[in-house]
Amino acid sequence: MVEKIVEVCQLRKEFGDTVAVESISFDVRAGEILGLLGANGAGKTTTIHMLLGLITPTAGSIKILGSDLSHDRVRILQRMNFASAYQSLPYNLKVWENLYVFAEIYGVKNSKDKIQELLDRFELSHLQKQKTGMLSAGEQTRLSLCKSLLNDPDLLLLDEPTASLDPDQADKVRKLLLALQAETGMSIINTSHNMLDVHEMCDRILFMQRGRVVAAGSADEILARFESSTLEEAFIAIARSPAMERV
Ligand SMILES: Nc1ncnc2c1ncn2[C@@H]1O[C@H](COP(=O)(O)OP(=O)(O)O)[C@@H](O)[C@H]1O
Ligand SMILES: [Mg+2]
C-alpha cells in the first residue's frame with residue numbers, strides 16, 4: 001500500500017489574468033479524510049479539477065497512488081472517483097440506468113448487486129425506476145454519491161457533497177461516508193462550506209484563501225491558531241482577513 005495517496009507539489013493554475021491556485025503543496029495519507037475549506041472563489045474546485053485531470057495545471061506536479069497524474073492518467077483515474085453537488089448525471093436516464101451505464105464504464109464486476117447495495121445504503125431503492133431529472137436536489141446528490149462509489153475508489157474527491165441536503169440528510173450522508181471509509185480504507189478529499197461536515201469527518205483541514213493554503217492542521221489546531229471556539233468562527237476570520245501568508 002502506498003502511504004501517501006496524493007502528493008501535490010507547488011501546484012498553480014492561472015485562467016488568463018486570474019490566479020485561481022497559487023503554488024499549493026499538500027499530501028493525503030492512506031485512509032485519511034482531508035477537508036479543503038475556503039470562501040467562494042478560494043480555489044477549491046480548481047484544485048479538485050486538477051486532481052481529476054480535467055484541467056491542466058499551469059505549474060507544479062500531482063502524484064496520485066504513487067504515480068505522476070500527467071503520465072499515468074488512465075490507470076490512476078480508474079482508482080478514483082468524484083461527486084459534486086453541482087454536477088448532475090444525465091437527466092433523461094432512469095436512476096438505475098445511470099448507475100448501470102457508469103458501472104459498465106468502470107468495468108464493475110457484479111454490477112447489479114453493487115448498484116442495489118449502494119441504492120439501499122443511500123435510501124434510493126424506491127426511486128430506481130424514476131427518471132433522474134425528476135429527483136429532488138438531495139436525491140440527485142445521493143445518486144451522485146452512489147455513482148462515485150461504484151468502482152470502490154481508493155481516492156474519493158467530494159466537492160461540497162452536502163450542499164443541497166437538509167440537516168437530517170446531511171447527517172445521514174456524513175455517517176454513511178464515514179462508515180464506508182472505515183470499511184474500505186479509502187482516502188477522501190472533501191470540500192465543504194458545512195463546518196459540521198468538516199468537524200465530524202475530516203482528520204485534517206487545509207484552509208484556502210485566494211488560491212493559497214493559509215492554514216493546515218487538525219480542527220483543534222486550526223481553532224487554537226485562530227483563537228476560535230468553532231470552525232465557523234475560524235472560517236469567517238480567514239475569509240475576512242487581508243491576504244495571508246501561505247503555510
Ligand atoms: N474556467 C475558469 N475561467 C476563469 N476563471 C475561473 C475558472 N474557473 C475558476 N475561475 C476563477 O478561479 C478562482 C477560483 O475558483 P474556484 O476554484 O471555483 O473556487 P471555489 O471552488 O473555492 O469557490 C475564482 O476567482 C474563479 O472565478
Ligand atoms: Mg467550488
Side-chain angles (χ1 to χ4, degrees), residues 6 8-28 33-62 64 69-70 73 80-89 137-138 140-145 147-148 155-165 170 173-174 177 187-199 201-202 204-217 219 222 226 231-247:
V6 178
V8 167
C9 188
Q10 298 191 347
L11 194 63
R12 182 182 178 89
K13 181 66 186 179
E14 299 167 6
F15 294 107
D17 291 338
T18 307
V19 180
V21 171
E22 185 188 326
S23 197
I24 63 170
S25 300
F26 63 89
D27 295 336
V28 183
I33 304 183
L34 180 76
L36 208 53
L37 266 68
N40 291 319
K44 304 178 298 294
T45 297
T46 304
T47 302
I48 296 276
H49 284 176
M50 287 193 277
L51 291 172
L52 285 166
L54 294 175
I55 53 175
T56 308
T58 306
S61 67
I62 300 172
I64 298 178
L69 180 63
S70 60
R73 190 167 174 273
M80 289 172 65
N81 216 314
F82 168 66
S84 163
Y86 303 107
Q87 280 179 5
S88 308
L89 299 174
Q140 291 201 20
T141 300
R142 273 144 55 212
L143 178 58
S144 175
L145 286 166
K147 173 245 137 193
S148 76
L155 174 64
L156 180 62
L157 306 185
L158 302 174
D159 198 359
E160 303 191 28
T162 57
S164 58
L165 301 178
V173 163
R174 273 196 294 278
L177 286 169
S187 303
I188 301 176
I189 300 179
N190 183 26
T191 88
S192 180
H193 290 308
N194 181 329
M195 295 302 119
L196 212 59
D197 270 10
V198 175
H199 218 148
M201 287 183 65
C202 299
R204 205 154 50 90
I205 297 166
L206 301 183
F207 255 109
M208 291 185 72
Q209 186 206 46
R210 299 177 208 181
R212 298 175 178 170
V213 174
V214 295
I222 303 269
F226 291 95
L231 277 178
E232 194 119 349
E233 235 180 274
F235 185 105
I236 293 169
I238 293 170
R240 291 184 186 167
S241 58
M244 295 166 66
E245 288 297 312
R246 74 169 79 101
V247 292

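The shown structure was predicted, so the numbers you read here are calculated from the model rather than taken from an experiment. One-based numbering, in listed order, for ligands and for the atoms of each.
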*Closest contact, heavy atoms only, Ser192 versus Val198*: CB-CG2, 4.1 Å
*Best match, Asn40, Thr45, Leu36, Val19: closest heavy atom to atom 18 (O) of ligand 1*: Thr45
*So which heavy atom in the protein is nearest atom 25 (O) of ligand 1, and how far is it from that ligand atom?*
Thr18 CG2, 3.9 Å
_Count of N, O or S atoms belonging to protein, less than 2.8 Å from the Mg ion (ligand 2)_ = 1
*asked:* So, regarding Lys44 and ligand 1 (criterion: nitrogen or oxygen to nitrogen or oxygen, under 3.5 Å), is there a contact or not?
replied: yes
_Nearest heavy atoms of Gly38 and Phe207, plus distance in Å_ = N-CD2, 4.5 Å
*asked:* Please give me the minimum heavy-atom distance between Gln87 and Ser144, naming the atom from each residue.
replied: O-OG, 4.3 Å
*When you measure from atom 1 (N) of ligand 1 to every protein heavy atom, which one gives the shortest distance, and what is it?*
Phe15 CE2, 3.5 Å
_Using heavy-atom distances only, which candidate in Val21, Thr191, Thr46 approaches atom 16 (P) of ligand 1 most closely?_
Thr46
*asked:* Can you give me the closest heavy-atom contact between Phe226 and Ala234, atom names plus distance?
replied: CB-CB, 4.2 Å
*Heavy-atom pair of closest approach, residues Pro57 and Ile62*: CG-CD1, 4.3 Å
*Considering all heavy atoms of both residues, which atom of Arg210 and which atom of Glu22 are nearest to each other, and what is their separation?*
O-OE1, 4.5 Å
*asked:* Would you say CD of Gln10 has more than 12 non-hydrogen atoms from neighbouring residues, nucleotides or ligands within 6.0 angstrom?
replied: no
*Please check atom 27 (O) of ligand 1 for a protein heavy-atom neighbour under 4.0 Å.*
no
*Hey, what do you get for SG (Cys202) to CE (Met195), rounding to the nearest 0.5 Å?*
9.5 Å
*Asp159 versus His49, side-chain donor and acceptor atoms under 3.5 Å*: no
_Spacing of CD1 belonging to Ile189 relative to CG belonging to Leu52, to within rounding of 0.5 Å_ = 9.0 Å
*Can you tell me how far the CD1 atom of Ile222 sits from the CD1 atom of Ile238, to the nearest 0.5 Å?*
6.0 Å
*Given the protein's heavy atoms, is any one of them under 4.0 Å from atom 6 (C) of ligand 1?*
yes
*Taking only heavy atoms of Ala39, which atoms of ligand 1 are found under 4.0 Å from at least one of them?*
22 (O)
*asked:* Using heavy-atom distances only, which candidate in Gly38, Gly43, Gly41 approaches atom 13 (C) of ligand 1 most closely?
replied: Gly41
*Any idea which protein heavy atom is nearest atom 12 (O) of ligand 1, and the distance to it?*
Ala20 CB, 3.2 Å
